[in-house]
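Below is one structure, written out as structure tokens; the observations come after it.
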Amino acid sequence: MSAASTAIRSKRPEWRRRFVSAVRNNPIGVVGIVIVLAFFVLAIYPQGFSAYDPEKLSLRDRLVVPSSEHLFGTDQLGMDVFTRVIYGARTTLKVVLVVLAIATGIGFVVGTVAGYFGGWVDEILMRFTDIVIAFPFLILAIAVNAALGRGLVQTMLAVGFSWWPSYARLVRGQVLAVKNEEYVMAAQALGGRNARIMVRHVFRNAMDPVIVRVTLDVGLVALATAGLSFLGLGAQPPTPEWGRMVAEGRDFLLDQWWLSTFPGLALFLVVVGFNLVGMILRDWLDPSAVNR
Amino acid sequence: MTQYVFRRLLSAIPVLLGVTVITFVLSQLLPGDPARMAAGQFATAEQMEVVRERLGLDRPLWVQYLRYLSRLVRGDLGISFSSQQEVFNELKIFFPATLELTLVAMVLTVIVGVPLGVMTGSGKSPWVNSSVLFLSLVGVGLPVFWAGLVFQLIFAGRLDILPLDGRLGATVTPPPSVTNMYVLDALFAGQWTTLVDAIKHLILPAVTLAIGRIASVARITHAAMIDIMRRDYVRTAQAKGLPRRTVVDKHALKNALLPVVTTIGLQVGFLLGGSILVENIFSWGGIGTYAWIGIFRLDIPAIMGVTLSTTVMFMTINLLTDIAYAFLDPRIAYS
């Protein structure tokens, strides 16, 4: 959208105007909003969409072809694949939230402390960040996960620990940019305590780019954790988890294609959905990054 | 320039040391007794004691780390819990297969991703722009392990035009080993049927591994191109009445490709990580498969061996791209 037409609408509140323009710039992004909303609804209230129990075995109904009774068929243990895909949304949401909480948490602390204090504190923290970034991400996550042992909790810790450096760098950059702004110096001159100054001013200003980043990362985190579960490190049966389900369906791939296809498709859609929403959010909250 | 290269090499040393500290700490984390793992389930208390002493497990942690480090320097990555073989020797066998796969995926990424970005980024059509963006988001969002299975289902299962998995057909004998990369070895030996078979086996895993990277590189090149096409000197060239082709080739391309070089180094990290998933799907006998067997048995020396070797490779490639970048853009070396 051109600058002129943007200016005409400037009477509307700024954030709303920017949101509308962000959506107009990315019409396909609306599809993303729909996918993400559907994902949240399924994750929060899966029982509203299926009458089956996602973890109930029914050996009489093994490997049933998709039908009106079992939309996505059943798996080798007779569990309803549709139900497991829906409940898988809940697993994915939980995992992604925890991982991003860990990653942004560590990233915020490291980035803020490094940026604010500077000097040798900055040097040590940033060199540590360099070390973590030196690993290929998925390989580090696998190594940490293997060292902690199998299980979804271990996977969340592993991915979270491997993911924080980009946040630390991002937050540190923001802190450095804000640090010398007059209002922060004013707060310091008035005798504000370091921690309070940081939290009140610096933190708040670094928020928008972090939110954009988090949205764009949801997909990557979902892919990584599902990948670890696929390898057998993360979710253990019978937990409905998409990566694990894809792995379990492998042995039946050529004849019972539905086992692996649907959970993978769900993961794919959710990742694309979050990427699309991230695109809108970036235009909305961080317009300077548009087209970069 | 020499000074820059030297400085960059020097700065890699502490990072590398840090990497070994992390792998060492991770090796210590696993619940369970490493002496028990090494000595086997039925070892007696005395045998355990011997193993403990031999492995230096009775020493303080920092001594153990220094020992670990000095072993690493000598190329000793420890002994695999599951196979009881030297991890280093096993990696030597498995690494070429992974190298072959990631190299081909890398080449695909560059020869498809970069031109795609340049072609779509040098025009002005908003329609093309948003479709590139959309397709790249789809490509990046594709779960590697799922895409591989879907490709298997379609191309090996339904259409039956490509092999399901493995590096060679069951009836084909591997070419005489030189590099252990079958495509090259078959080429060296002049075994054309083997070569064709090896290439056929490479297509699905390499494409699976590359798709997300192609999407990502195309998107970055596309954005860099758009940015450059708006610059004054490009507009001047256009205003002079130069044909579009000349403007793109002579004025825009070189500058647009600069940021792309750095990204390509970073893609290697994704390729190495992704290869663990892809190798697992296509039964590709590389370090990904080796790591997977290690994961299955929680074989920490094997997993850390893979972690270290891939990280060193990743660091080396990033070092090389940084140096290449400095050569391409002399401003870097002086800053």
With a 4.5 angstrom heavy-atom cut-off, which part of Ile22(B) approaches chain A: side chain, backbone, both or neither?
side chain

Hey, does Asp130(A) have a side-chain heavy atom less than 4.5 Å from the side chain of Arg169(A)?
yes

Side chain, backbone, both or neither: which part of Leu269(A) has a heavy atom under 4.5 Å from chain B?
neither

Honestly, the part of Leu253(A) sitting under 4.5 Å from a heavy atom of chain B is both

Please identify, among [options], the residue contributing the most non-hydrogen atom pairs under 4.5 Å to chain B.
| options | answer |
| --- | --- |
| Ile139(A), Asp255(A), Leu276(A), Leu267(A) | Ile139(A) |
| Ala226(A), Gly278(A), Ala224(A), Gly232(A) | Ala226(A) |
| Leu265(A), Leu220(A), Val31(A) | Leu265(A) |
| Leu233(A), Ile142(A), Asn275(A) | Asn275(A) |
| Gly32(A), Gly227(A), Gly219(A), Gly273(A) | Gly227(A) |

Would the [X] and [Y] ring centres measure less than 6.0 Å apart?
| X | Y | result |
| --- | --- | --- |
| Phe19(A) | Trp284(A) | yes |
| Trp164(A) | Phe128(A) | yes |
| Phe262(A) | Trp257(A) | yes |

Scored by heavy-atom pairs under 4.5 Å with chain A, the best of Leu142(B), Val268(B), Val312(B), Ile303(B) is Leu142(B)

Angle class for the Phe274(A)/Phe39(A) ring planes (parallel below 30°, perpendicular above 60°, tilted otherwise)?
perpendicular

Assess, by modelled atom type and distance only, whether the side chains of Gln267(B) and Thr109(B) contain a donor and an acceptor separated by less than 3.5 Å.
no

